Amino acid sequence: MNHRRLRTTAGTLLLASGLVLLGDFEARGDASAASAMAQWLAQDKTIAKRIQSGFAQRDKAAREDVQWMEITSKQVLERLLADNLELKRGALEPARAAVSSTLAETAFDPVVSANLGRTFSQKYKRTVRDLKWSKATGACLDPVACAPEVTAGADVNALVYVINPADSVVAYQKFDRQRVAGYYDHSIPAVKEDAKGSSLPTNFAVSGSKAFRPGPKVSANYSVVYKNAEYVLNADSTNPGVGSYNRRWSSSVGTSVATPLPETKDAGRHGSQNAAVDQAQLRQQSSEEGFQDLRNRKLHEGRRAFWELVRAVKALDFAQESRQDHQALMARSKRLFDASSVTNYAMAQTEAALEQSKVRELAAVESYLAASNALALLLKLDHGVRLLPVEYQKELLALQTFSLEEALSEGEKQNPRLKVGAKQVEMAGVEKNRSLNAAKPDLSLTASITAAQSNALYGYTNYLQSVSRLGEPDRVSASVGVRYRRPVGNHGPEATVAMAEEEVVRQELALQENRSRLLGEIRGAYSVLASARERRAIAERNLSLQTTAAGKLQDMQADRRVTEYEIIVRNLDLLQARQHVVNALVDGKISESALILALGRMEQDSMRSAAPAEKVVADAGSEGGKP
């Protein structure tokens, strides 16, 4: 008993001294000053084994196959960012916005087109019968058959008809007298052969256009024609090569420009296409900030779930220890009761305290399972996994120091929600400017010029000659035009302007509302964090006093100077004091996370302050578990 009392007293003094020194730990940054508290909190591996051992019989009786897994805060954050369905869905929106922005910008990309084609053309000679040399015939004996237009009673002997062949241009010919016999019909050409012979032109054309923002749309084109045609001027000569030539190439080039005139519709940077690009870019930036806000909120959710698990684990460990202490007290009281040194009333108090400790342990078990399942669900882990937090003592003890003025200023500048609201205001402003521009008169100027080589008779012998003579075109054509368009009354565009102006006001009011709400969140989180600091200091002092009192009580218990009831009360006070310290520490971390979330730097801060990630799968420690 003396050795046990000595160990208890030494541990009590060590813990008390650590708690007293911890009050100025953050101010002085002295790690040795908080060594006792750090050692107490650093028992995460031991606590994990104790909790697994406490579940062993329960899991065995329930025939549960349980996998225990130790996890650090950094592992929680990394797994949350890598495998969260909501974040995966949220990541699609910035990707879609980036594609939309690219599509909007393609309106100003250069466009190049080219085409290549070949055609065949040939003119053939055709002849027809000429009536000038038709042979003579006699009188028509059957006027109706020869000439349907002859009416009954006509003097058919006074008419002479010629029945022409089927390929004649007319069916029959009427004469006023007979013609001399012996002349026959003659064929003459209806279509003459082309002196150029067969034509097999190959056409190649290339053009390009570019719209500038803001500015005109400019286009240029070039084309060349290659004709496989030989001009033969003396085809009937015995030497047709003399006087023949072959000039196959001809080129042409042209350019055009179309632009709205200044202070008219689509002129300047507020034109419809320019505004579409600006809005797409702002929408992309807004979606990126919105996704960052989603990541920050998910990280805060993960950190909160982790610290709630730490709270639940500590509470369960305290409850198990309290139940074991009450069992030891029960055994001692029973021995004293058997020796008639303890009354029935004291014995009943001890039994009731033991039962209450069991109830508290069951409640702590339920709270732990709920916290573990909540974090497992968030991390998409199997339902049979039970999580145990480890390597958190250093992070739990460290609370960042914030200045309220700096926090308010940083929150206004960095919070993604406010950035999203600001982008919405900008988009509304772009739409307002676009609608104002669209309400202006639609007045545009177009101009074009083309220089071409015709090749109607003479082209060029080779391609290089054709290109080099582009400065000496056969034909130059130019055109200039102005187009004006404006709806009568212009009611539609003016109504669009009114709607756009109202949207700007609505987005500005929404931004002001979000800013006020955010500043309230920062002030609230700052107050909660300050309160958590004070609660922590009070809880630590209280635990120091309760621990010292418990040590003295154990000394008095050895000498039988205290009752079982006083021991029970003191144990409950010590248990509550421990839990108050843990609650203050956990509440401080949660409120710190909420403040960092409001400041908009959750991801950077979380990954920097979290403990080094090193995945550890603990031994089940029981027959019902898995390694």
Side-chain angles (χ1 to χ4, degrees), residues 105-125 189 191-262 266-267 271 273-274 443-483:
E105 292 173 355
T106 57
F108 298 95
D109 289 346
V111 178
V112 178
S113 63
N115 61 77
L116 177 66
R118 191 173 190 185
T119 60
F120 170 80
S121 176
Q122 174 69 60
K123 186 184 292 185
Y124 294 95
K125 179 180 179 180
V191 178
K192 293 183 178 182
E193 253 181 318
D194 196 337
K196 294 183 288 187
S198 63
S199 177
L200 291 171
T202 300
N203 302 276
F204 174 74
V206 60
S207 63
S209 62
K210 176 71 170 72
F212 297 89
R213 56 176 307 218
K217 182 176 182 179
V218 179
S219 61
N221 62 81
Y222 167 77
S223 63
V224 60
V225 178
Y226 170 84
K227 286 186 177 181
N228 184 19
E230 295 183 356
Y231 287 64
V232 182
L233 299 182
N234 51 354
D236 297 331
S237 172
T238 57
N239 187 6
V242 178
S244 300
Y245 60 90
N246 187 3
R247 297 190 177 187
R248 307 181 175 188
W249 297 92
S250 61
S251 302
S252 64
V253 64
T255 183
S256 64
V257 60
T259 181
L261 296 179
D266 287 335
Q273 290 185 333
N274 293 313
L443 184 62
S444 59
L445 172 68
T446 59
S448 64
I449 184 171
T450 301
Q453 298 167 354
S454 68
N455 201 10
L457 292 176
Y458 298 97
Y460 291 91
T461 305
N462 56 60
Y463 174 72
L464 293 179
Q465 284 183 347
S466 175
V467 173
S468 64
R469 297 296 195 281
L470 279 174
E472 303 172 10
D474 299 330
R475 183 182 69 254
V476 175
S477 60
S479 65
V480 177
V482 177
R483 189 194 71 170

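In this text the structure is predicted, and so the values were computed from the model without any measurement.
- Pairing each heavy atom of Asp474 with each of Gln453, the nearest pair is OD2-CA, 3.2 Å.
- Here the shortest heavy-atom pairing between Phe204 and Ala114 reads CE1-CB, 4.3 Å.
- Of the possible polar contacts, none joining the Ser466 side chain to the Tyr460 backbone as a donor-acceptor pair under 3.5 Å is found.
- Going from atom CG of Leu443 over to atom OG1 of Thr259 covers 10.5 Å, rounded to the nearest 0.5 Å.
- Distance check, rounded to the nearest 0.5 Å: OG of Ser252 to OH of Tyr222 gives 8.0 Å.
- Under the side-chain contact (heavy atoms from CB on, under 4.5 Å) criterion, Thr461 pairs with Arg247, Gln465, not counting sequence neighbours.
- When all heavy atoms are compared, the tightest approach of Leu261 to Ala267 is O-CB, 3.3 Å.
- Of all heavy-atom pairs spanning Arg475 and Ser454, the tightest one is NH1-CB, 4.2 Å.
- If you run side chain to side chain donor-acceptor pair (under 3.5 Å) between Ser256 and each of Ser448, Ser219, Ser209, only Ser219 comes through.
- Scanning all heavy atoms of the two residues, the minimum distance from Leu445 to Val480 falls at CD1-CG1, 3.9 Å.
- Here the shortest heavy-atom pairing between Val476 and Pro473 reads CG2-CG, 3.3 Å.
- Between Tyr226 and Trp249, the ring planes are tilted. Angles from 30° to 60° get that label.
- Judged by distance alone, with hydrogens and angles left aside, the side-chain atoms of Lys217 form no donor-acceptor pair with the main-chain N or O of Lys210 at under 3.5 Å.
- Atoms CG and OG, on Asn115 and Ser223 in that order, are 9.0 Å from each other to the nearest 0.5 Å.
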